[in-house]
Amino acid sequence: MNKPTVVSGIRPTGYLHLGNYFGAVQNFIRMQDTYNCYFFIADIHSLTTHPTPANLQAGVKQVLAEYLACGIDPEKSTIFIQSDVPEVSELYAFLNMNAYLGELERTTSFKDKARQQPDNVNAGLLTYPVLMAADIIIHKAQFVPVGKDQEQNLEMARKFAGRFNRMYNCELFPIPRPFTFDGGDMIKIPGLDGSGKMGKSDGNAINLVEEPKSIRQKVMRAVTDAGPTEMNSKKSEPVENLFTLLRIVSTPDVVATFEAQHNNCAIRYGDLKKQLAEDIINYTEPIRNRINDILANDDYLAKVAKLGAEKARESAAKTLAEVKELIGFKRLF
Ligand code: ATP
Ligand code: MG
């Protein structure tokens with residue numbers, strides 16, 4: 001039982017999309033046999049955007065079904081819902097005492113969200129990296145498989161883990177590292193709107209449950225440019241983004257054909273998009289079918305959540321007891 005520990009989570013803020021899949025979930029599945037894995041649904045994190053209770057419940061159910069449909073196996077991995085493990089919130093409170101306003105205000109994700117939702121710049125948004133650190137270190141994780149967008153938040157988690165160790169002169173927490181296969185780069189899947197990343201809350205995503213008709217519509221509407229006019233010219237960002245998607249879902253010879261066509265200015269973006277849409281449909285179809293089957297099985301979902309909560313709480317409670325002892329929460333009387 002000396003497998004390295006892995007933790008990662010996804011906010012239940014909408015349907016999982018290609019970015020979540022290729023940036024995170026695909027790695028989760030590949031890691032299940034060789035690592036001690038904790039994969040959770042970050043329902044507390046999702047409160048920063050004030051979901052209604054009904055939306056929150058539906059979101060949690062959806063992500064749980066999607067995790068399972070993608071192939072996360074509750075026999076191999078611990079799959080749990082963040083709010084089922086109150087120890088995480090307790091550790092979050094402790095870590096907050098050693099997290100500083102300046103460093104939290106400087107994180108890119110905070111600045112982005114503050115810009116996107118100026119009327120709702122809440123303290124949870126500011127301390128998001130602290131809760132994320134608690135999620136990770138409460139299981140003493142060594143690795144965190146996340147997409148490129150989480151790189152800086154993970155850097156904060158490393159900082160908070162190291163700070164706790166130094167403050168209490170201990171080596172309680174391993175310093176968690178981002179995980180990619182074969183030491184590759186962290187992944188960023190672009191949206192269909194020309195720039196930036198695909199995101200659940202950004203209206204630019206292709207979801208795993210997306211129907212073929214809707215996939216075709218979304219891909220055909222994706223932003224491109226007027227087409228190359230010089231041989232071997234560099235691709236514009238929106239076009240490069242379409243190629244990024246193509247590289248992920250299509251075969252190498254399909255990619256090579258369109259690359260060559262772009263290089264000799266013969267490319268027709270309509271053809272590229274048609275091919276891309278069909279390849280996305282082929283890729284996602286079996287996952288979509290499984291999601292819909294699992295969503296209809298509440299008993300199974302409840303069983304998985306219960307089992308996961310038990311396993312996650314056991315691990316979390318053990319770490320929290322050590323943390324409290326180190327902090328000095330023990331009586332002299
Ligand atoms: P939201 O818009 O609500 O923040 P999201 O789509 O960004 O949703 P998260 O729940 O924040 O999803 O992130 C879940 C995981 O998916 C993280 O590991 C994150 O790095 C990864 N991820 C999200 N979007 C992408 C993307 N476009 N490319 C690669 N990885 C991604
Ligand atoms: Mg996000």
Side-chain angles (χ1 to χ4, degrees), residues 6-31 37-51 55-56 58-60 62-64 66-67 70 72 79 81-82 107-117 120 122 124-125 128-129 131-133 135-136 141 143-157 176-181 184-210 218 222 237-238 240-242 244-245 247-249 280:
V6 166
V7 171
S8 195
I10 296 189
R11 287 167 17 113
T13 41
Y15 300 112
L16 295 199
H17 52 70
L18 296 178
N20 301 134
Y21 186 81
F22 291 105
V25 179
Q26 192 182 47
N27 282 343
F28 299 179
I29 294 150
R30 292 180 181 162
M31 299 179 92
C37 294
Y38 293 87
F39 300 126
F40 67 98
I41 298 166
D43 58 348
I44 303 179
H45 281 288
S46 76
L47 297 183
T48 58
T49 36
H50 301 173
N55 282 344
L56 183 62
V60 168
Q62 186 71 30
V63 177
L64 182 56
E66 295 188 319
Y67 269 173
C70 289
I72 303 181
I79 309 174
I81 299 159
Q82 188 183 29
T107 58
T108 315
S109 56
F110 174 71
K111 286 193 283 191
D112 285 350
K113 291 282 177 196
R115 210 178 309 117
Q116 284 162 14
Q117 48 186 71
N120 179 22
N122 59 65
L125 220 46
Y128 196 101
L131 180 54
M132 179 163 152
D135 291 325
I136 296 167
F143 295 107
V144 185
V146 283
K148 179 92 182 147
D149 57 300
Q150 293 297 326
E151 193 172 22
Q152 195 186 24
N153 283 340
L154 186 53
E155 200 45 55
M156 300 289 282
R177 281 189 284 155
F179 181 90
T180 55
F181 268 88
D185 292 335
M186 294 175 87
I187 292 187
K188 177 185 142 185
I189 304 295
L192 295 170
D193 45 359
S195 66
K197 82 165 192 81
M198 187 176 282
K200 284 190 240 93
S201 324
D202 301 316
N204 62 0
I206 294 184
N207 303 320
L208 298 176
V209 275
E210 199 93 39
K218 285 188 174 178
E237 191 184 349
E240 182 57 51
N241 287 348
L242 289 180
T244 300
L245 292 171
R247 277 182 219 113
I248 279 169
V249 292
I280 292 175

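All ligand and atom numbering here is 1-based and tracks the order in the structure. Quick note: numbers below take in every heavy atom, side chains included, and nothing from hydrogens, waters or symmetry partners. Note that the coordinates shown come from a computational prediction; the quantities given were computed from them, not determined experimentally. This chain uses plain numbering: 1 for the first residue, then up along the sequence.
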Review point. Just wondering, are more than 12 heavy atoms of other shown residues or ligands nearer than 6.0 Å to CZ in Arg177?
Key: no
Can you tell me how far the [atom1] atom of [X] sits from the [atom2] atom of [Y], to the nearest 0.5 Å?
X      : Y      : atom1 : atom2 : value
Asn20  : Ile189 : CG    : CD1   : 10.0 Å
Gln152 : Thr108 : CD    : OG1   : 3.5 Å
Lys113 : Thr49  : NZ    : OG1   : 6.5 Å

Revision key, fill the gap. Residues with a heavy atom under 4.0 Å from ligand 1, by chain and number, are Gly9, Ile10, Arg11, Thr13, His17, Gly19, Asn20, Gly23, Ala24, Val146, Gly147, Asp149, Gln150, Ile187, Lys188, Ile189, Lys197, Met198, Gly199, Lys200, Ser201
Review point. Can you check whether Gly124's main-chain N or O pairs, donor with acceptor, with Asn122's side chain at less than 3.5 Å?
Key: yes
Review point. Relative to each other, are the rings of Phe28 and Phe39 parallel, tilted or perpendicular (30° and 60° limits)?
Key: parallel
